[in-house]
Amino acid sequence: MLALLVALVFAWIISPVLLLRAEAIAHETALSTLNTRAASLMNKREELSTLQQELENALTFDQQHPDPLGLLEQLSRELPDNTWITQLNLRKDQLTLEGSSDNAVAIVSLLEKIPELQEVRLGASINRDPRNGRENFQILARIQAKPQPSSGATP
């Protein structure tokens, strides 16, 4: 009888402990699954943060620099018909034009009139092509940053 009583007390004490242990194992498994999912979500959050920073950088650059297509259209309007641009390179705030014209020095004067361009200068010596008499040139210019809107204005 004592053995039965001991077994009953033992079962009464051990059963809840075993049930709690089983629940703890189930919770640990669920926690592990949640941690795995959370790690994936944290990686996605970091990727999103990086992309947001890149977007902000691009928008800042766009706000501070003239539209490349608009600048190209303006160059096309300003340059005389006898001028050929063979290479146009736009990198950060530096514009490099290479080409040929009947009068390369006059091209520098025309480009100086474009408000977005500053420090327009010949980048190399002018070479005359003996076959057609045209001057080959390289012109460098710094692109002026757009003025920043005041804090109360919307872009």
Side-chain angles (χ1 to χ4, degrees), residues 1-81 83-101 104 107-125 136-155:
M1 175 86 126
L2 185 59
L4 184 59
L5 184 60
V6 168
L8 185 60
V9 168
F10 185 72
W12 181 61
I13 293 172
I14 298 298
S15 292
V17 170
L18 291 176
L19 288 174
L20 287 174
R21 178 69 182 138
E23 284 182 34
I25 291 172
H27 289 302
E28 286 175 359
T29 303
L31 180 62
S32 176
T33 301
L34 289 174
N35 283 336
T36 302
R37 288 184 191 167
S40 173
L41 292 174
M42 292 304 288
N43 287 340
K44 294 291 184 192
R45 178 178 283 183
E46 288 177 23
E47 289 175 21
L48 178 61
S49 177
T50 300
L51 289 172
Q52 286 173 329
Q53 185 60 50
E54 290 176 3
L55 177 60
E56 287 176 22
N57 292 344
L59 290 173
T60 299
F61 181 86
D62 184 54
Q63 290 171 353
Q64 294 175 351
H65 294 84
D67 172 37
L69 183 57
L71 183 60
L72 184 59
E73 288 173 346
Q74 192 166 8
L75 287 171
S76 179
R77 283 191 303 270
E78 296 295 327
L79 294 175
D81 291 339
T83 299
W84 293 75
I85 301 299
T86 56
Q87 185 172 0
L88 182 142
N89 190 354
L90 182 60
R91 197 166 280 198
K92 292 189 180 181
D93 67 343
Q94 186 69 33
L95 172 70
T96 304
L97 290 174
E98 293 182 16
S100 65
S101 180
I107 302 302
V108 172
S109 298
L110 289 172
L111 295 180
E112 286 176 331
K113 295 176 184 175
I114 297 176
E116 291 85 3
L117 299 181
Q118 295 180 338
E119 301 172 19
V120 180
R121 66 189 186 285
L122 290 169
S125 61
N136 295 321
F137 62 84
Q138 179 187 53
I139 297 175
L140 304 174
R142 191 170 58 82
I143 300 173
Q144 179 178 339
K146 291 180 188 175
Q148 293 298 312
S150 62
S151 60
T154 56

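In what follows, residues are counted from 1 in the order of the sequence shown.
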Taking only residues two or more places apart in sequence or in another chain, which ones pass side-chain hydrogen bond (donor to acceptor under 3.5 Å, both in side chains) with [X]?
X: Gln74; result: none
X: Glu98; result: Gln138
X: Glu119; result: Arg142

With heavy-atom distances below 4.5 Å as the criterion, would you say the side chains of Gln94 and Leu140 are in contact? yes
Contacts of Ser101 that satisfy side-chain contact (heavy atoms from CB on, under 4.5 Å) - sequence neighbours left out: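 Expected list: Asn82, Thr83, Ile107, Phe137.
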Within residues 42-57 or reaching into it, pairs that qualify as side chain to side chain donor-acceptor pair (under 3.5 Å) - sequence neighbours excluded: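 Checked against side chain to side chain donor-acceptor pair (under 3.5 Å) - neighbours excluded - the pairs reaching residues 42-57 are Gln53-Asn57.
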Of Ile143, Leu97, Leu72, which meets side-chain contact (heavy atoms from CB on, under 4.5 Å) against Leu90?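 So the option named by the test is Ile143.
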Non-hydrogen atoms of Ile139 and Ala104 that approach each other most closely: CD1-O, 4.4 Å
Intermediate values then yes/no, side chain to side chain contact (heavy atoms under 4.5 Å, CB included), Leu71 and Leu117: CA-CA 9 Å; Leu71 183 60; Leu117 299 181; 4.2 Å; yes
Might you work through the side chain to side chain contact (heavy atoms under 4.5 Å, CB included) test for Leu111 and Leu75, ending with a clear yes or no? CA-CA 8 Å; Leu111 295 180; Leu75 287 171; 3.2 Å; yes
Show me, pair by pair, the donor-acceptor contacts under 3.5 angstrom made by side chains of residues 28-41, not counting sequence neighbours?
residue	atom	partner	partner atom	Å
Thr29	OG1	Ile25	O	2.9
Thr33	OG1	Thr29	O	3.0
Asn35	ND2	Leu31	O	3.4
Thr36	OG1	Ser32	O	2.9

